[in-house]
Amino acid sequence: MAGRPRGVPDEVILRAATEVIGRGGPSGLTLAAVAREVGLAPATLVQRFGSKAGLLAALARHSAAEAAARPERVRAEHGDLLGALTALVADWTAPMDTPERFANHLAMLCADLADPELHAHARTAHLAQLGAVEALLAEARLAGELREGTDLRALAGSVQAVTAGAGLVWAVERDGPLAERLARELRTLVSPYLTTGPRTQEDT
């Protein structure tokens with residue numbers, strides 16, 4: 001777009017917005033706060049995104065695009081389904097690595113659910129993540145890792161439900177890192193569907 005400032009990529013700004021949400025929740029998310037995070041003038045963000053709602057819409061689109069691109073990468077980096085699935089979920093939850101950050105992102109989600117326009121953006125990201133999980137499961141079934149007859153869409157939905165629920169329980173209990181809790185819960189969920197048991201460190 002002609003005249004558009006290009007000093008800082010949109011991706012950097014959107015990561016900064018995620019960081020601002022983690023620190024201050026929905027009330028702390030302003031264009032001015034994000035601009036300070038990346039060292040830009042608030043007017044620059046207004047020119048790029050138009051408003052806070054525009055920034056959130058861009059963040060949802062970016063999250064959806066990243067969700068679609070990640071399965072191939074994590075599958076290449078991990079030789080088994082559980083490893084790839086855990087890495088995928090860990091990527092998504094990385095900004096919520098403390099109970100306080102989790103609470104602030106949860107508050108942002110609650111704000112999204114209360115606003116029809118913002119809910120549409122949140123749903124876009126949610127469905128992209130569901131598709132990413134299902135893609136990993138489909139590859140695992142083709143590779144013979146999952147039992148025949150496994151309902152991939154249902155299992156993908158359960159992965160999302162367990163991820164959300166495990167995060168909430170972890171934030172309340174505050175026992176160990178979130179990534180470890182997620183790995184444990186995903187292992188419990190997925191193991192009955194595997195054709196062989198999950199690999200352990202002793203197996204590698």
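Enclosure of atom CD in E77 by more than 12 non-hydrogen atoms of other residues, nucleotides or ligands within 6.0 angstrom is indicated.
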Do any side-chain atoms of residues 138-145 form donor-acceptor pairs under 3.5 angstrom with protein atoms, and if so which ones, sequence neighbours left out?
residue: R141; atom: NH1; partner: T150; partner atom: O; Å: 3.1
residue: E145; atom: OE1; partner: L81; partner atom: N; Å: 2.8
residue: E145; atom: OE2; partner: R75; partner atom: NH1; Å: 3.0
residue: E145; atom: OE2; partner: R75; partner atom: NH2; Å: 2.5

Sequence neighbours left out, cut at 3.5 Å: what donor-acceptor pairs do the side chains of residues 57-67 make with other protein atoms?
residue: H62; atom: NE2; partner: E66; partner atom: OE2; Å: 3.3
residue: S63; atom: OG; partner: L59; partner atom: O; Å: 2.9
residue: E66; atom: OE1; partner: R70; partner atom: NH2; Å: 3.3

Side-chain donor-acceptor distances from residues 101-110 under 3.5 Å, at least two apart:
residue: R101; atom: NH1; partner: E19; partner atom: OE1; Å: 3.3
residue: R101; atom: NH1; partner: E19; partner atom: OE2; Å: 3.3
residue: R101; atom: NH2; partner: E19; partner atom: OE2; Å: 2.9
residue: N104; atom: ND2; partner: G22; partner atom: O; Å: 2.8
residue: N104; atom: ND2; partner: R23; partner atom: O; Å: 3.3
residue: N104; atom: ND2; partner: E100; partner atom: O; Å: 3.4

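Here the rule is side chain to side chain contact (heavy atoms under 4.5 Å, CB included) with T163, and of L168, V89, L88 only V89 fits it. For the side chain to side chain contact (heavy atoms under 4.5 Å, CB included) with R153, the qualifying choice from L137, L130, V133 is L130, the only one to do so.
The two atoms that bring H78 and A84 nearest to each other are CB-N, 3.5 Å, heavy atoms only. Listed here is the closest heavy atom pair of D175 and W170: O-CD1, 4.0 Å. The shortest heavy-atom contact between R48 and I13 is NH1-CD1, 3.3 Å.
Proximity of L29 to L56: side-chain heavy atoms (C-beta onward) are separated by under 4.5 Å at one or more points. Residues D112 and H119 form no side-chain contact, since every pair of their non-hydrogen atoms from C-beta on lies 4.5 Å or further apart.
Both L45 and V12 are part of a single hydrophobic cluster, where members link through side-chain heavy atoms under 4.5 Å apart. Linking Ile, Leu, Val, Met, Phe, Trp and Tyr residues whenever their side-chain heavy atoms come within less than 4.5 Å leaves L152 and L127 in two separate clusters.
With Q160 contributing its side chain and H126 its backbone, the two residues share a donor-acceptor pair below 3.5 Å. T30 contributes a side-chain N or O that, together with a main-chain N or O of A33, makes up a donor-acceptor pair within less than 3.5 Å.
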